[in-house]
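Inspection log for the structure reproduced underneath, given as C-alpha cells.
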Amino acid sequence: MGKPSNIEDWNFKSTNSKTYPAKTYSYDDGTHYEFMVIDNAVVQFTYNSEKYNNLHDESTKFTNMEDILSMFGITPSKNMKIEADTGVALRYSLLSDTIAEFWVVGINKTQKTFL
C-alpha cells in the first residue's frame with residue numbers, strides 16, 4: 001500500500017455521544033482505502049473501487065456474496081450479524097474480535113460487482 005496520500009487528525013463522535021481523538025490514513029492508487037485509528041487500533045476501514053470515483057472505471061468483482069469478506073482477509077465470527085441488506089449495500093456487525101463493523105456498497109448482484 002505504501003505511504004498514505006493523506007493523514008487527518010480529527011475528533012470522532014460516536015453513537016454513545018463520546019468524542020475520541022482519531023486519525024484517518026487515506027491511500028489512493030485508483031482504488032481508495034481509508035483506515036480510521038483510535039487508541040492505536042483500526043476501528044473503521046473504507047474501500048472504494050476505481051468505479052466509485054470514476055463511473056467509466058471497473059467495479060470490484062466477486063464470485064458470490066459469501067466471498068466478499070474473505071476478499072478482505074476477514075474470517076467472520078459465529079456472532080456476526082447482517083445489520084442491513086438493502087439489495088445494493090450490506091452492513092455487517094460483530095465480524096470478529098477485532099472488527100466491529102464492515103460495509104459493502106454499490107452491490108450489483110447480477111454483475112457480481114461492488115463499488
Side-chain angles (χ1 to χ4, degrees):
M1 219 174 282
K3 183 179 176 182
S5 57
N6 187 45
I7 300 173
E8 180 183 0
D9 290 302
W10 58 292
N11 290 313
F12 172 76
K13 187 172 182 179
S14 74
T15 54
N16 66 10
S17 298
K18 291 185 179 180
T19 301
Y20 302 92
K23 187 174 280 201
T24 300
Y25 297 85
S26 299
Y27 298 82
D28 293 290
D29 62 355
T31 56
H32 176 81
Y33 305 87
E34 281 187 357
F35 297 89
M36 182 170 60
V37 177
I38 296 175
D39 291 332
N40 294 319
V42 175
V43 296
Q44 183 179 24
F45 169 70
T46 303
Y47 167 87
N48 300 124
S49 71
E50 295 174 11
K51 189 172 187 91
Y52 184 85
N53 297 311
N54 182 346
L55 293 178
H56 300 290
D57 282 335
E58 293 291 317
S59 294
T60 302
K61 297 182 185 320
F62 61 89
T63 305
N64 58 54
M65 294 299 291
E66 294 75 25
D67 287 342
I68 292 175
L69 295 174
S70 66
M71 292 171 67
F72 292 93
I74 298 170
T75 303
S77 73
K78 291 182 256 178
N79 298 324
M80 183 192 83
K81 295 180 186 175
I82 295 176
E83 294 290 335
D85 182 353
T86 67
V88 294
L90 277 171
R91 182 170 55 118
Y92 299 94
S93 67
L94 304 171
L95 270 84
S96 70
D97 292 338
T98 56
I99 302 171
E101 189 173 87
F102 184 83
W103 288 70
V104 182
V105 298
I107 297 170
N108 182 322
K109 292 180 182 179
T110 304
Q111 294 180 1
K112 296 187 177 181
T113 60
F114 64 91
L115 295 177

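The residues of the chain are indexed from 1 along the displayed sequence. Computed over heavy atoms, backbone and side chain alike; hydrogens, waters and symmetry mates excluded. Predicted model only: the values in this text are computed from it and were never measured.
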Review point. Just by distance, with hydrogens left out, do T19 and N11 show a side-chain donor and acceptor under 3.5 Å apart?
Key: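 There is no such pair between these side chains.
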Exercise for review: Applying salt bridge (Lys or Arg N to Asp or Glu O under 4.0 Å), name anything that partners K61, two or more places apart in sequence or on another chain.
Suggested key: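 Counting only residues at least two positions away or on another chain, K61 forms a salt bridge (Lys or Arg N to Asp or Glu O under 4.0 Å) with E58.
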Point to revise | With sequence neighbours excluded, residues passing salt bridge (Lys or Arg N to Asp or Glu O under 4.0 Å) with E101 | key: R91
Just jot down the side chain to side chain donor-acceptor pair (under 3.5 Å) partners of [X], sequence neighbours excluded, or say none.
X   : answer
S77 : none
S93 : E83
S96 : T98

**Study point:** OH on Y25 to NZ on K3, rounded to 0.5 Å
**Key:** 12.5 Å
Practice item. Mind checking the CG-CD1 spacing from L90 to I68? Nearest 0.5 Å is all I need. Key: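 Going from the CG atom of L90 to the CD1 atom of I68 covers 6.5 Å.
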Test side-chain contact (heavy atoms from CB on, under 4.5 Å) applied to [X] - qualifying residues, sequence neighbours left out:
X   : answer
D9  : K23
N64 : E66, D67
P76 : L69, M80
T75 : none

Check your understanding: Should we count CG of N6 as having more than 12 external heavy atoms under 6.0 Å?
Key ->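 Atom CG in N6 is crowded, with more than 12 foreign heavy atoms closer than 6.0 Å.
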Check your understanding: Would one find more than 12 heavy atoms of other residues, nucleotides or ligands at under 6.0 Å from atom CG of N16?
Key -> yes
Exercise for review: Can you run down the ring pair (Phe, Tyr, Trp, His ring centres under 6.0 Å) pairs that involve residues 68-97, sequence neighbours left out, and say none if there aren't any?
Suggested key: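 Output for this query lists F45-F72, Y47-F72, F72-F102.
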Review point. Taking only residues at least two apart or on different chains, which pairs with a member in residues 3-24 satisfy ring pair (Phe, Tyr, Trp, His ring centres under 6.0 Å)?
Key: W10-F12
Point to revise | Minimum heavy-atom distance between L95 and I74, given as atom pair plus value | key: CD2-CG2, 3.4 Å
Review point. Do V42 and I7 share a hydrophobic cluster (ILVMFWY, side-chain heavy atoms under 4.5 Å, transitive)?
Key: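 As far as the 4.5 Å side-chain criterion goes, I7 and V42 are connected within one cluster.
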For a 4.5 angstrom cut-off between non-hydrogen side-chain atoms, does [X] reach [Y]?
X   : Y   : answer
V43 : V37 : no
S26 : S5  : yes
F35 : Y27 : yes
M71 : F62 : yes

Exercise for review: Using atom types as modelled and distance alone, determine if a side-chain donor or acceptor of S70 lies under 3.5 Å from a backbone N or O of G73.
Suggested key: no
Exercise for review: Output yes when a side-chain donor or acceptor of D85 lies under 3.5 Å from a complementary backbone atom of G87, and no otherwise.
Suggested key: yes
Check your understanding: Under the 4.5 Å side-chain heavy-atom rule for ILVMFWY, direct or indirect, which residues accompany V88?
Key ->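 Besides V88, the hydrophobic cluster comprises nothing; the residue is isolated.
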